[in-house]
Amino acid sequence: MLSRLIKDIKTMDYQGANQIAIASLEYLKKTKLKDFEKVSKQLEAARPTAVVLHNCLEVIRKDKSINTINKLINQIKRARNQIGEKGSKLIKNNSKIMTHCHSGDALSIIKEVAKTKRIEVYATETEPKHQGIITAKELHALGIKVTVIEDPAAAYFMKDMDYVIVGCDAIRKEGVANKIGTYNLAILAKKFKKSFYMAGNTLKLDNRKKFEIEERPVKEVYAGKLKGIKVRNPAFDVTTYDLITRVITEKGVMTPANVKRLLR
Ligand code: RUB
């Protein structure tokens, strides 16, 4: 049911740009052609910041077939493995990596590195929805050493890190959008002279004119009553290219200048 899927996307049963896109694409395979536009718009509006689903819909509009949808799903999955392979070459043995939130593309690199090198991962809890715990459990299940830290502890631990690796929701001219708090980590990485890597497939290249940072329910931030006090809960921020060491895509490890050339 569409309303159920949209609820699950909004409440983050499906989270991360790629997972949201894949769940939506799977639903569209079962959607009648005449309902395609209406359903697509509703799915896209559920989490408007990430661009993967939008870019997939643009492709599907040119050829509304199950074959096209399947190709896109496979492209996302294949790219994840390629990002893992390409990104893992950047990471040295015996290193400490900080990550944020839960990104399949970023974790693909970490998991690939861990096959041959000794690493230790610091996962920020990721306020307010704790996606960092999903990350920590996933890595722990693979036998990867992982420590959970509170988001505000990032500065405390940054001096001990070798790299920060995070995902992307939208790769734009002005910078790269990812989970709120990513920008903080990038500023810290710069201060402590650590490499800051953002991982994402090329379906995350974002040429949209209208770009919206999703603002989520305020009760996720503070569940109590605050009379007359405003609470805000943006879900993403945009990290500027001066803070990004490399963007790791399935097509290669790119400098900020290379990435910007791919955007209109
Ligand atoms: C998730 C998040 C992820 C990106 C990339 O935010 O910001 O880093 O979406 O994920 P949320 P992936 O939990 O609010 O969806 O690499 O899996 O596409």
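Numbers here simply count residues along the sequence, with the first being 1. Numbering of ligands and ligand atoms starts at 1, following listing order.
- Not a single ring-ring contact (aromatic ring centres under 6.0 Å, His included) links Tyr156 to another residue, sequence neighbours left out.
- Contact of the Glu174 side chain with the Arg172 side chain is registered, since non-hydrogen atoms from C-beta on lie closer than 4.5 Å.
- Protein heavy atom at the shortest distance from atom 16 (O) of ligand 1 is Ser103 OG, 2.7 Å.
- Annotation: atom 18 (O) of ligand 1 to nearest protein heavy atom, Lys204 NZ, 2.7 Å.
- If you number the atoms of ligand 1 from 1 as listed, the ones under 4.0 Å from a heavy atom of Gln131 come out as 11 (P), 13 (O), 14 (O).
- With salt bridges taken as basic N to acidic carboxylate O contacts below 4.0 Å, none links Arg78 and Glu250.
- Transitive grouping of hydrophobic side chains (ILVMFWY, heavy atoms separated by less than 4.5 Å) brings Leu188 and Val176 into a common cluster.
- Cation-pi geometry between Lys190 and Phe196 is not met: the NZ or CZ atom fails to fall both under 6.0 Å from the ring centre and inside 45° of the normal.
- Between Lys96 and Asp160, no side-chain nitrogen of the basic residue sits less than 4.0 Å from a carboxylate oxygen of the acidic one, so the salt-bridge criterion is not met.
- What sits closest to atom 5 (C) of ligand 1 on the protein, heavy atoms only, is Cys168 O, 3.3 Å.
- Of all atoms in ligand 1, listed by their number and element, those nearer than 4.0 Å to a heavy atom of Asn18 are 12 (P), 16 (O), 18 (O).
- Of all atoms in ligand 1, listed by their number and element, those nearer than 4.0 Å to a heavy atom of Asn178 are 2 (C), 3 (C), 4 (C), 7 (O), 8 (O).
- Checked against a 3.5 angstrom limit, the closest N/O atoms of Phe236 and ligand 1 fall outside it.
- Counting only heavy atoms of the protein, atom 6 (O) of ligand 1 lies nearest to Lys179 CE, 3.3 Å.
- The atoms of ligand 1 that sit less than 4.0 Å from any heavy atom of Met12 are 14 (O).
- The closest protein non-hydrogen atom to atom 17 (O) of ligand 1 is Gly104 N, 2.8 Å.
- Protein heavy atom at the shortest distance from atom 7 (O) of ligand 1 is Asp169 OD2, 2.8 Å.
- Of all atoms in ligand 1, listed by their number and element, those nearer than 4.0 Å to a heavy atom of Gln15 are 1 (C), 11 (P), 13 (O), 15 (O).
- Relative orientation of the Tyr122 and Phe157 rings is tilted, given thresholds of 30° and 60° on the angle between their planes.
- Comparing Gln19, Arg216, Arg47, His102 by heavy-atom distance to atom 14 (O) of ligand 1, the nearest is Arg47.
- Put simply, the side chain of Met12 reaches to within 4.5 Å of the side chain of Arg216, judged on heavy atoms.
- From Ser108, atom OG reaches atom NZ of Lys77 across 13.5 Å, with rounding to the nearest 0.5 Å.
- Between Leu139 and Lys145 the shortest side-chain heavy-atom distance does not fall below 4.5 Å.
- In terms of N/O distances under 3.5 Å, ligand 1 is approached by Gly16.
- The distance criterion of under 3.5 Å between nitrogen or oxygen atoms is not met by Ile20 with respect to ligand 1.
- If you number the atoms of ligand 1 from 1 as listed, the ones under 4.0 Å from a heavy atom of Asp105 come out as 16 (O).
- Using a 4.5 Å cut-off on side-chain heavy atoms (C-beta onward), Asn70 and Thr68 make no contact.
- Of the protein's non-hydrogen atoms, the one nearest atom 1 (C) of ligand 1 is Cys101 SG, 3.5 Å.
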